[in-house]
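We name chains A, B, ... by the order of the sequence lines, and we start the count at 1 in each one.
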Amino acid sequence: MEKDYLSGLNDPQTQAVLQMDGPVMIIAGAGSGKTRVLTHRIAHLIHNKVDPFNVLALTFTNKAAREMKSRITALSNEDAKNLWMGTFHSVFARILRSEASFLNYTSSFTIYDRDDSLSLVKTIIKEKQLDDSVYKASVVLNRISSAKNNLINPIDYSNDIDYSEQDRISGRPLIGEIYSMYNDRLFKANAMDFDDLLINTYILLKQFPEVLYRYQTKFKYLLVDEFQDTNLVQYAIVKKLAAQHENITVVGDDSQSIYAFRGANIQNILNFSSDYPDLKTFKLEQNYRSTINIVEAANSLIDQNKNRLPKKVWTQNESGNKIKVIKSYSDNDEANFVANQIFDSHLQNQIHYDQFAILYRTNAQSRSIEEALRKKNIPYRIYGGMSFYNRKEIKDMMAYFRLAVNPKDEEALKRVINYPKREIGDTSVDKMVVYASQQNKSLWEVVTNINMLPVEISSRTKTKVDQFASKIMSFNVQVEKLSAYDLAMGIANESGLLRELHNDKTPEGISHFENIQELLNSIQEFTLNGHTGLVLPEEDLNSDKDKKNSLDVYLQQISLLTTQDNDSSDQTRQVQVMTVHSAKGLEFKTVIVTGMEENLFPSQLSIYSREDLEEERRLFYVAMTRAEKQLYLSYAVNRFRWGKAIICEPSRFLNEIDSTYLELSQDAFSVRPSQVRLSEDRQDVFKKPSKSFASNHTQASITVPSNFKKIAKAKIKDSSFEGDDPSLIMTGMEVEHEKFGKGKVLNIEGTFPNSKATIFFNGAGQKQLLLKFAKLKCVR
DNA sequence: GGAGGCCTCGGAAGG
DNA sequence: CGAGGCCTCC
């Protein structure tokens, strides 16, 4: 029992777990049990009487934090709930809320998401009357974000030679000014963007030594996961926090650094040892995930990168099958091949669908794959679609909630001041925004004093604005008094939003209404259970126990959630379809990487610089190392891109893999029986275990089948199931439902339109359905 | 104020 | 090609 957590660890893993004090770097190869070491390390600390309150572990995703926390709980007898474990952003947001007054914020500050930030940048560009085709909001915001991640404030920005030079060359010399205004506006709105959560934490710790001392003393042990993905400001904060005890552990794999484009600095891990001369480094090189063929093939690829820490990943696993390289005629053929392959493999080898992953470089590739899977009736899940919280109706509702908590929130205010319609037009809103900006006031100040201001707005509109302001104020005073759910329900009704959506009887309108219901349900759940899925320590810094279930706490948590957090806990086993980026950290029995073509993977934007190409290669390394048993690498000779069929060359990465691990015998031409077979000579070329991919594609691309275009355009019949008028449904009727099939109506209760039917479905059993949503067809 | 036409643009994505 | 933003016209 004593040291259970050490059993089953290999030698380097054990060493890494036992080294308690001082700076530690753990270089963890793909599939080498990184999470295992991190969690066991923390369990070891707790076992050795380190108080969980004194441990801070930082991750990049909520999912990683949640998983680790539950694993630690399982490992240690002590409850791990008091561990400070969470994402950089959630942990720092928590610190900032409790120290907000130091920075002249209130603790209920709003967190602007990217859309809010973009909208604010657009507003400023408009106000400054700049050409928005030159000053593109997304470009400007990226520059600002990059500056923030590199600890450059607006004043430094304007003095910074690199930034101003680059802005001048690109014809956008005023970005520094926009940056400055943008920050002012965030401050006036009592809001922070995601980058502020980092840079403001840094400022807080730098400017207030007493605060720094408090947190340094508290966090006796720091651990950072995925260290290769940290940026400058993240590392700077971690260094500051660790300065007192220097018990800092970083875990990462330089070969899997794939986020340079959002500011990650691979130098953090490459140079870590020079910042901490006493550093103890441990290398986890034994791979437990993949076959020898996969491990060695991936090694041979990543060996081409110059910029890396020396290590050699190896495995004791079986040698396994060779990696299958698949050539297809078109993107659609490729997709069909993949679907067929999965279908057969599932059938023959009894592999569950969720053990297959289809990976691609760009989201645009998902479409043909989705079509092919649907054709074969293979269940699948695509990652990275529109998230629940990105839907318009949810954002509208949330904007009201945000305003209730923080009326200064300018973006929320602009969003709903005239939705539902209350005769406050864009012109009036623009005037108020400009006036607020000129007078250095928040928009809310203008709105609440609209009658006293010399703004050229009709008295009629002013009355409407006044009414709106009163409504928001009435919500605001209830934040402290009501539970999240009670207040949310009140706002949903009194804002008029619920009525507005309820009156919309189009299919979309009904779905919007249902989504709002779902949101309200989730708030009810939060009110009852007090959590949304975010991992945070139980310790309450605000020591404000009554506020635990209030709407502002709900918002604070939601603003840091992401798509992957609302677990759509599907019982069904589905093929996993996603970009390589989102596959990081996951593993599957079979992995199929599609679109292995020049200008796609590697991306055409990466091929002009060695650094970019190396990152692209690391990305491919990540893709390969997701596979446990079988890996397919697939490319097409023709691909639809931007509406045109493009002739593609196989990816250079295919040539970079040692060909002894590859098998080129498969090709996707055979999957469509109707398709003309390959001519003999072409098959010949393909059978050679040669490295000359580039030479055979040219031949193959000459003949485009006559039905090429037709196949590409073929759309799968949309299953738009039409229900009959719900008022026609009566007890005793035979009805049909889209999902449940045919059934009999046993009972109807309630009055239309809120009537609820109890129906026995032949296939699915007894269900209760709201008639207005159920889309039932009368059969008899 | 909303529908529909026109133009533009096209990399990946955590919080 | 298709999504999204913007403008125009009713």
Side-chain angles (χ1 to χ4, degrees), chain A residues 58-65 86-94 111-119 122 126 132-133 136-139 142 145 148-149 192-198 201 225-226 229-231 233-234 257-264 331 359-368 383-387 389-390 392 418-427 534-535 556-565 578-585 595 599-607 612 615-616 618-620 622-623 639-646 709 712-713 715:
Chain A
L58 295 167
T59 64
F60 274 86
T61 64
N62 292 306
K63 198 174 154 214
T87 64
F88 283 90
H89 291 84
S90 68
V91 167
F92 296 165
R94 193 183 175 86
I111 298 172
Y112 273 9
D113 66 18
R114 192 175 159 90
D115 286 348
D116 296 321
S117 298
L118 268 179
S119 157
K122 271 183 200 158
K126 210 154 90 182
D132 63 3
S133 64
K136 283 181 52 185
S138 58
V139 173
N142 286 343
S145 177
K148 287 189 176 183
N149 286 326
M192 296 192 194
D193 67 16
F194 286 128
D195 300 319
D196 286 341
L197 298 178
L198 307 179
T201 300
D225 189 20
E226 306 276 14
D229 291 335
T230 51
N231 61 32
V233 59
Q234 285 165 326
S257 163
I258 55 174
Y259 285 112
F261 69 89
R262 65 180 198 213
D331 44 358
L359 308 184
Y360 39 74
R361 178 66 180 80
T362 68
N363 278 311
Q365 291 164 253
S366 68
R367 206 147 103 193
S368 53
Y383 287 71
M386 172 130 80
S387 92
Y389 295 100
N390 267 329
K392 180 190 175 295
N418 198 33
Y419 181 77
K421 297 275 172 305
R422 44 177 77 87
E423 298 174 64
I424 307 171
D426 288 347
T427 325
L534 253 200
V535 200
Q556 289 167 19
Q557 300 204 10
I558 286 302
S559 55
L560 295 170
L561 286 184
T562 58
T563 3
Q564 310 204 347
D565 290 311
M578 66 189 91
T579 63
V580 180
H581 279 91
S582 39
K584 182 155 164 227
N599 298 325
L600 187 58
F601 201 0
S603 146
Q604 74 265 33
L605 297 164
S606 73
I607 56 178
D612 290 350
E615 171 146 327
E616 207 74 4
R618 290 193 295 270
L619 186 59
F620 183 41
V622 168
R639 179 174 298 276
F640 261 93
R641 286 186 86 183
W642 305 321
K644 278 191 295 233
I646 299 210
K709 190 112 193 182
K713 283 205 152 179
K715 285 250 163 71

Which pairs, protein N/O on one side and nucleotides 7-11 of chain B N/O on the other, fall under 3.5 Å?
unit_1: B:dG10; atom_1: N3; unit_2: A:W642; atom_2: NE1; d: 3.3
unit_1: B:dG11; atom_1: N2; unit_2: A:R361; atom_2: NH2; d: 2.3
unit_1: B:dG11; atom_1: N2; unit_2: A:E616; atom_2: OE1; d: 3.2
unit_1: B:dG11; atom_1: N3; unit_2: A:R361; atom_2: NH2; d: 3.1

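- For A:R367 and C:dG2, the shortest distance from a side-chain N or O to OP1 or OP2 is below 4.0 Å.
- Rounded to a whole Å, the CG atom of A:D132 is 7 Å from the P atom of C:dC6.
- Put simply, A:K584 has no side-chain N or O that comes within less than 4.0 Å of OP1 or OP2 on B:dG14.
- Here A:K122 pairs with A:A137 under the side-chain contact (heavy atoms from CB on, under 4.5 Å) rule; sequence neighbours left out.
- For the atom pair A:S559 OG and A:M192 CE, the distance stands at 11.5 Å (nearest 0.5 Å).
- Distances shorter than 4.0 Å separate some side-chain N or O of A:N418 from OP1 or OP2 on B:dG1.
- For A:E226, the salt bridge (charged side-chain N to carboxylate O under 4.0 Å, His left out) test picks out A:K34, A:K584, with sequence neighbours left out.
- Within the nucleic acid shown, A:K644 has no heavy atom closer than 4.0 Å to any nucleic acid atom.
- Scanning for ring pair (Phe, Tyr, Trp, His ring centres under 6.0 Å) contacts around A:F60 gives A:F88, with sequence neighbours left out.
- Evaluation of the ring pair (Phe, Tyr, Trp, His ring centres under 6.0 Å) rule for A:F620 yields A:F601, A:F653 as partners, not counting sequence neighbours.
- Looking at residues two or more places apart in sequence or on another chain, you find a side-chain contact (heavy atoms from CB on, under 4.5 Å) between A:N418 and A:K421, A:R422, A:I424.
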